[in-house]
S.K.: 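Submitted below is the structure of interest, expressed as structure tokens.
No experiment lies behind these values; they were computed from the predicted model shown. The figures that follow rest on heavy atoms only: side chains count, while hydrogens, waters and symmetry mates do not. Order of the sequence lines fixes the chain letters, A, B, ..., with proteins taken first and strands second; residue numbering starts at 1 for each chain.
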Number of protein chains: 2
Amino acid sequence: MGSDGANDTTKNERKPGRMSEQRQQRIRLEISREAARLFWEQGVAATTGEQIAAAVGLSVRTLWRYFRNKESCVEPVLAQDGEEFVALLRRWPRDVSLEDHLMEWAMNRTKDPDQQSFDQAVIKMTVLAEKEPDLRTAWLMTNDRIERALVEIFADRLRRSPDDIEVRLHAAAATAVVRVISEDVSAALMAGVDRASLGNTLGQMARAVHTATGGAVGDPVDP
Amino acid sequence: MGSDGANDTTKNERKPGRMSEQRQQRIRLEISREAARLFWEQGVAATTGEQIAAAVGLSVRTLWRYFRNKESCVEPVLAQDGEEFVALLRRWPRDVSLEDHLMEWAMNRTKDPDQQSFDQAVIKMTVLAEKEPDLRTAWLMTNDRIERALVEIFADRLRRSPDDIEVRLHAAAATAVVRVISEDVSAALMAGVDRASLGNTLGQMARAVHTATGGAVGDPVDP
DNA sequence: CAGCAATATGTCACTAAGTGACAATATAGC
DNA sequence: GCTATATTGTCACTTAGTGACATATTGCTG
């Protein structure tokens, strides 16, 4: 497998013998979940690559084909909410505010039990990233990728170039505030706060993005 | 040496045999500069810990006492501008706007030749961090620490608690935009753009901080 | 400056992380 | 089923990073 394949679509054309990208992503996610479980149970330092590999039935050599280092193993888990957010923004109609868009989605979403245990893993890793430097780097790198995705989305919405410094500033600021809110929510949930009493976190995110972009992002725009 | 010593002042009281913190910081900075030079010349992967250690006349065992891993070696260099920015904000009079404060400082600053070569190292590492994942983590972690410093500074200025979510959102957004501008300026300088034609980057930062905090940070405030 | 206590350093041994090479096996398309 | 290509596991290896311990260095005090 080309270890960069997961991030480069042109190199992933379907050839005989090449696994689909979806399949590779599923394997990556399975590894990530097992890594997260082991990191939570015994700490990052005490978890070996061999243990992670064994947990998913792969050799450690193959593990390092899927992830460039140990802490990166947890990135797919850490990326869950951010990727969901990005996917939502990609579907964001121009004539709708961000807050309305997110609230509409929140009202219509369904949640299966498998997804809920996955959410738990996300929360645990987000919290653990606060005190484990290696996980912190994984968390920050994950957010770095989200920011790059937001650059494209904001450029499109604002009808500007992705190279535009303003676009990049807005994407960076938006990513930062969404990250802080995610961290805040995760810490609260980990501390036992009931999700209902957290209030409207998606609305909070939408407003924070609006503020952090100086009002440039978040309102309906011309079609 | 206590490897966490550099970041914990209570553990660094002056005892017989314990080196001063300034001395430890100087050694860290010397290591960081040499690491940066080697990373630039031959790449991160091809640079061994032994080489970095030899370049500063230390054993590799001691190198790992000063830095938790190889890429962290470059953090003091990467942190230079951010730490300067933080120091400036710590001296920021309440009755002055951020832009005026930064501009006044820019007009009065002096620059020695050693500092200029150091600036070059900062620029090179900032640019290299765009394509070397390990350096990217070092850069993001450095900015994470800057953000934590800004939380304290903003809390003080806004007369709010550092735990206040708004304070944290402002600090995160401010750090993000300063980072993007730093990256932008470094890339331009690396590409040969004349510093004079870059315009007023400090003013740009001040305005970006003001925008990213929704106007909450940047204006004069009540004393 | 000498003495002392505490810390810092280097050497050594070691484990784990991570990489390259290559043969065997698996995958996807026709 | 066949073929071409990719993927995987084994093996050997280097490097990163850690613990233990003896020696050297540092900072304080008289």
S.K.: Within residues 45-54 of chain B, find the residues that approach DNA chain D with a heavy atom at under 4.0 Å, and present them sorted by residue number.
M.R.: B:T47, B:T48, B:G49

S.K.: Minimum heavy-atom separation for A:R68 and B:P133, please, with both atom names.
M.R.: CZ-CB, 3.5 Å

S.K.: Do NZ/NE/NH1/NH2 and the carboxylate oxygens of A:R37 and A:E34 come within less than 4.0 Å?
M.R.: yes

S.K.: Let me know, please, whether B:E71 or B:R23 comes out on the 5' side of the other along DNA chain D by nearest nucleotide.
M.R.: B:E71

S.K.: Would you call B:E132-B:K70 a salt bridge at under 4.0 Å N-O?
M.R.: no

S.K.: I'd like to know whether CD of B:Q42 has more than 12 heavy-atom contacts from other residues, nucleotides or ligands below 6.0 angstrom.
M.R.: yes

S.K.: Considering only nitrogen or oxygen atoms on both sides, find all protein atoms under 3.5 Å from nucleotides 19-21 of chain D and state each distance.
M.R.:
{"from": "D:dG19", "atom 1": "N7", "to": "B:R61", "atom 2": "NE", "distance (Å)": "3.2"}
{"from": "D:dG19", "atom 1": "N7", "to": "B:R61", "atom 2": "NH2", "distance (Å)": "3.0"}
{"from": "D:dG19", "atom 1": "O6", "to": "B:R61", "atom 2": "NE", "distance (Å)": "2.9"}

S.K.: Just to confirm, is there a sub-4.0 Å distance from OP1 or OP2 of C:dT9 to any side-chain nitrogen or oxygen of B:Y66?
M.R.: yes

S.K.: What is the separation between atom CZ on B:R26 and atom P on C:dA8, rounded to the nearest whole Å?
M.R.: 15 Å

S.K.: Could you work out which one of D:dT7, C:dT7, D:dG17 sits closest to the side chain of A:Q24?
M.R.: D:dT7

S.K.: Can you confirm whether more than 12 heavy atoms, excluding those of B:R195, are under 6.0 Å from its CZ atom?
M.R.: no

S.K.: Check the surroundings of atom CD in A:Q51: do more than 12 heavy atoms from other residues, nucleotides or ligands lie under 6.0 Å from it?
M.R.: yes

S.K.: Rounded to the Å, how far apart are A:L58 CG and C:dT25 P?
M.R.: 17 Å

S.K.: Check the distance between C:dT27's C1' and A:Q22's CD and give it to me in whole angstrom.
M.R.: 15 Å

S.K.: Given atom CH2 of A:W64 and atom P of D:dT14, what is their separation to the nearest angstrom?
M.R.: 20 Å

S.K.: Five pairs per end, C1' atoms only: what is the angle between the end axes of the helix from C:dC1-D:dG30 to C:dC30-D:dG1, to 10 degrees?
M.R.: 50°

S.K.: Would you kindly compare A:G57 and B:S20 by the position of their nearest DNA chain D nucleotide and give the one closer to the 5′ end?
M.R.: A:G57

S.K.: To the nearest Å, how far apart are A:M19 CE and D:dA6 C1'?
M.R.: 8 Å

S.K.: Where do B:I146 and B:G82 come nearest, in terms of heavy atoms and distance?
M.R.: CD1-CA, 3.4 Å

S.K.: The side chain of A:S59 lies closest to which of these nucleotides: D:dG9, C:dT9, D:dG17?
M.R.: D:dG9

S.K.: Give a yes or no on whether a salt bridge exists between B:E104 and B:R91, defined as a side-chain N under 4.0 angstrom from a carboxylate O.
M.R.: no

S.K.: Taking the nucleotide of DNA chain C with the closest heavy atom to each, which residue, B:G17 or B:L63, is nearer the 5' end?
M.R.: B:G17

S.K.: Out of D:dG9, D:dA4, C:dT27, which has the shortest distance to the side chain of A:T62?
M.R.: D:dG9

S.K.: Provide the closest heavy-atom pair for A:L169 versus B:V177 in the form atom of the first, atom of the second, distance.
M.R.: CD2-O, 3.6 Å

S.K.: Charged N to carboxylate O below 4.0 Å: is that the case for B:E130 and A:R148?
M.R.: yes

S.K.: Please report, rounded to the nearest Å, how far the C1' atom of C:dA8 is from the CD atom of B:Q25.
M.R.: 16 Å

S.K.: Please report the distance, rounded to the nearest Å, between NZ in A:K70 and P in D:dA16.
M.R.: 16 Å

S.K.: Would you indicate, yes or no, if D:dG27 has its OP1 or OP2 atom less than 4.0 angstrom from a side-chain nitrogen or oxygen of B:K15?
M.R.: no

S.K.: Without decimals, in angstroms, what is the distance between A:R68 CZ and D:dA16 P?
M.R.: 15 Å

S.K.: So, taking the atom named OG1 in A:T137 and the one named CG in B:D134, what distance separates them when rounded to the nearest 0.5 Å?
M.R.: 9.0 Å

S.K.: By the definition side chain to side chain contact (heavy atoms under 4.5 Å, CB included), identify the one residue from B:M19, B:R26, B:Q25 that meets it with B:Q22.
M.R.: B:R26

